[in-house]
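All remarks here apply to the structure that follows.
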2 protein chains.
Amino acid sequence: MASPTPTPPNNRPDALTLEVVELIGEVVARFHEDYEEAAAEHTLTGAQARLLSLLCLEPLPMRRLAQRLKCEPSNVTGIVDRLEARGLVERQSDPADRRVKVAVATEEGRRVARSLRESLRFAREPLAGLSEGERVALRDALRGMLG
Amino acid sequence: MASPTPTPPNNRPDALTLEVVELIGEVVARFHEDYEEAAAEHTLTGAQARLLSLLCLEPLPMRRLAQRLKCEPSNVTGIVDRLEARGLVERQSDPADRRVKVAVATEEGRRVARSLRESLRFAREPLAGLSEGERVALRDALRGMLG
DNA sequence: TTCAGATGCTTCAGTAACTGAAACAACCAT
DNA sequence: ATGGTTGTTTCAGTTACTGAAGCATCTGAA
């Protein structure tokens, strides 16, 4: 009766796992903090920054944006509205299907997104404290977690 | 001589670093998603869940809560209001300084927080896919990043 | 061809998170 | 006591977000 269930992945996290979870939480918190701060430096909210970054890679219809951001389409409308009002994003209607509006980053929008990406110091500075070997180990562990 | 400068933090992120940054971004996204989902299962918002988790460790005055959550005290008022309305948190005035209100988790609040913590599957499940050695390497790399 | 249903976006309540200013009470040092 | 500081709340205003309509457009089948 020492171990009732046969090592289910859900029960009894060992100390090592717990510490890693704790550390990941810390990393998440700092990353977020840094991201919001970088966004604020460009007078953007976090949501606006995320959307703009997505559009910087490729134009996307509103519906896809909602899927990427994991929120309702009606929400995307507002965020795009505000970005459009500032000239960072444009709505183009898709000639192939006139229902869909494709959001596309303007030149200015792409510039802001690039600048934003560069001011994201976190995960660059702290990573610098790691040796090459440690970075490789980190990469492999993260890959393993996500795969 | 092998490394002239102790790895200048600002310039020229190499491919490895970039990939790690990318992976961390992915981990952050999944962690957040999971956290919000776990919170929603308990009819809590993310902010409420974070605050309740803090209080589960120790009672805190409003001001400290604001510092921990990195937001304005006036914001904390609202979040605690809503948690208090649901009996998960209580306000007690500090006898030593009658200005300060100490927020403390109720029994029910602690129970919810515990349950929340347990339903946080992410970073436990994917971690299970890692060998002990990999987990140690991950821990050390994360420690290095945060220290 | 036409029309009923599906799909994409917006609009409209309604809630929560958040900020910054202003009000208040209680503390503290002179 | 008095004046300045500090902890909390209140208030107005913005954004993010959801879910239910609503409108326009597309699509498939009769």
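Lettering of chains follows the sequences in order, A, B, ..., and the numbering in each one begins at 1. Values below: all heavy atoms of this structure, side chains included; hydrogens, waters and symmetry mates excluded.
Using a 4.0 Å heavy-atom distance criterion, T77(B) is classed as a base contact.
With sequence neighbours excluded, the residues forming a side-chain contact (heavy atoms from CB on, under 4.5 Å) with R110(A) are C56(A), A105(A), E107(A), R114(A), listed by chain and number. Listed by chain and number, the residues in a ring pair (Phe, Tyr, Trp, His ring centres under 6.0 Å) with H42(A) amount to none (sequence neighbours excluded). The side-chain contact (heavy atoms from CB on, under 4.5 Å) search around S74(A) returns E72(A), not counting sequence neighbours.
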Could you pull out every donor-acceptor pair under 3.5 Å between side chains of residues 44-55 of chain B and any protein atom, sequence neighbours left out?
| residue | atom | partner | partner atom | Å |
| --- | --- | --- | --- | --- |
| T45(B) | OG1 | Q48(B) | N | 3.2 |
| Q48(B) | OE1 | T45(B) | N | 3.3 |
| S53(B) | OG | A49(B) | O | 2.8 |

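Using a 4.5 Å cut-off on side-chain heavy atoms (C-beta onward), L16(B) and R139(A) make contact. In this structure the side chain of E134(B) never reaches within 4.5 angstrom of the side chain of L138(B), judged on heavy atoms. Residues V80(A) and K101(A) are not in side-chain contact: their nearest non-hydrogen atoms beyond the backbone lie 4.5 Å or more apart. Side-chain atoms of V20(B) and I24(B), non-hydrogen and from C-beta on, do get closer than 4.5 Å to each other. Counting heavy atoms from C-beta on, the side chains of H32(B) and H32(A) come closer than 4.5 Å.
Of the residues in residues 54-64 of chain B, P61(B), M62(B), R63(B) come within less than 4.0 Å of DNA chain D through at least one heavy atom, sorted by number.
We find that CD of E36(A) is positioned 11 Å from C1' of dA16(D), with the value rounded to whole Å. Rounded to whole Å, atom P of dA16(C) lies 7 Å from atom CD of Q48(B). Rounded to an integer number of Å, the gap from CG of D81(A) to P of dT11(C) is 7 Å. A straight line from CG of D94(B) to P of dA26(C) spans 14 Å, rounded to a whole angstrom. Regarding R91(B), its CZ atom lies at a distance of 9 Å from the C1' atom of dT8(D), rounded to whole Å. In this structure, CG of L44(A) is placed 18 Å from P of dC18(C), rounded to the nearest angstrom.
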Spell out protein contact along nucleotides 17-25 of chain D as letters: B when the base is contacted, S when just the sugar-phosphate is, - when no protein heavy atom is under 4.0 Å; keep the 5' to 3' order. BBBB---BB

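Projected onto DNA chain D by closest heavy-atom contact, T45(A) and A96(A) fall at different nucleotides, the more 5' of which corresponds to T45(A).
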